[in-house]
Amino acid sequence: MKPRITVITLGVDNLERSLAFYRDGLGLATEGIIGQEFEHGAVVFIDLLGGLKLALWERRNIAHDAKVALAPPSPTEMTIGHNVGSKAEVDEVMAQAVGAGAVIAVSPHDTFWGGYSGYFQDPDGHLWEVVWNPQWELE
């Protein structure tokens, strides 16, 4: 296996609500909902930097496709990290997320390791960490 991830799919309960949050609230580019003509096929693809895609797909459809039982969602299964270039940018992204309808889990703060970060949850409870790491340079 090569060390490459091309798509990260978030299971959501309401595809239209999640589309509005990510496209209209956070300003992420997408063609919107595609695949509605297929049973279990409606999905949203969002283009990220470096060729990575973020997909939004209803949890029940993921369960159907993967042939696993639909389980209760848990925000602690994984987090998505969004690194930015400054403390001010952490604050800006967090404010944008709140404006889009996110819930703040942890307000931005100085971290024990010398950075600055905060967490928000999207409408389905997925945790996003917005973080400035002074050791990482961003392109």
Side-chain angles (χ1 to χ4, degrees):
M1 182 170 170
K2 295 185 182 196
R4 170 183 52 233
I5 295 175
T6 53
V7 178
I8 295 174
T9 303
L10 296 180
V12 302
D13 288 322
N14 182 315
L15 194 55
E16 290 182 9
R17 178 185 70 188
S18 294
L19 171 62
F21 176 80
Y22 285 98
R23 181 190 60 200
D24 305 334
L26 296 184
L28 300 178
T30 178
E31 294 179 26
I33 299 173
I34 61 170
Q36 293 179 340
E37 67 273 22
F38 305 109
E39 184 179 12
H40 307 291
V43 65
V44 171
F45 290 110
I46 298 168
D47 293 321
L48 304 176
L49 296 177
L52 182 63
K53 292 197 183 293
L54 177 66
L56 308 174
W57 200 16
E58 289 188 345
R59 295 173 60 251
R60 64 184 177 84
N61 294 334
I62 294 172
H64 173 83
D65 196 54
K67 302 197 180 354
V68 298
L70 181 62
S74 171
T76 58
E77 296 299 323
M78 66 172 280
T79 66
I80 300 171
H82 179 64
N83 284 65
V84 297
S86 68
K87 288 182 176 184
E89 196 173 350
V90 170
D91 293 335
E92 291 168 12
V93 171
M94 294 291 284
Q96 183 180 16
V98 167
V103 173
I104 298 298
V106 177
S107 295
H109 64 283
D110 292 315
T111 65
F112 69 91
W113 47 266
Y116 186 75
S117 75
Y119 283 93
F120 71 82
Q121 290 182 277
D122 76 2
D124 289 282
H126 299 291
L127 279 169
W128 284 75
E129 182 184 21
V130 183
V131 59
W132 168 70
N133 183 335
Q135 279 82 42
W136 289 4
E137 276 191 44
L138 299 178
E139 294 179 15

Q) Side chain of Asn133, backbone of Gly115: donor and acceptor closer than 3.5 Å? A) no
Exercise. Is a side-chain donor or acceptor of His82 paired with a backbone partner of Glu129 at a separation under 3.5 angstrom?
Worked result: no
Quick one: [atom1] on [X] to [atom2] on [Y], what's the gap to the nearest 0.5 Å?
X	Y	atom1	atom2	result
Glu31	Arg23	CD	CZ	11.5 Å
Leu28	Leu19	CG	CG	10.5 Å
Asn83	Trp136	CG	CH2	5.0 Å
Leu56	Arg59	CG	CZ	14.0 Å
Thr76	Met78	OG1	CE	12.0 Å
Gln121	Leu127	CD	CG	4.5 Å

Of the non-hydrogen atoms in [X] and [Y], which two are nearest, and what is the gap between them?
X	Y	answer
Val44	Ile33	CG2-CG1, 3.7 Å
Ala42	Gln36	CB-CG, 3.9 Å
Trp57	Gly41	NE1-C, 4.2 Å
Gly125	Pro75	O-CB, 3.1 Å
Val90	Gly118	CG1-N, 4.4 Å
Gly85	Glu89	N-OE1, 3.1 Å

Is the shortest side-chain heavy-atom distance between [X] and [Y] below 4.5 Å?
X	Y	answer
Pro134	Trp113	yes
Lys87	Asp110	yes
Tyr116	Asp91	yes
Asn14	Val12	no
Leu26	Gln96	yes
Met94	Phe120	yes
His40	Asp65	no
Ile80	Leu10	yes

Identify whether [X] and [Y] are in the same connected component of the hydrophobic contact network (ILVMFWY, side-chain heavy atoms under 4.5 Å).
X	Y	answer
Val131	Tyr119	no
Ile62	Phe38	no
Phe21	Leu48	yes

Would you call the rings of Tyr22 and Trp128 parallel, tilted or perpendicular, taking 30° and 60° as the class edges? tilted
For Ser18 and Asp122, which I'm curious about, is there any donor-acceptor pair between the side chains at under 3.5 Å?
no
Does atom CD of Glu39 have more than 12 heavy-atom neighbours from other groups under 6.0 Å away? no
Exactly one candidate in Thr9, Thr30, Asp47, Ile8 meets side-chain contact (heavy atoms from CB on, under 4.5 Å) with Leu54; the answer is Ile8
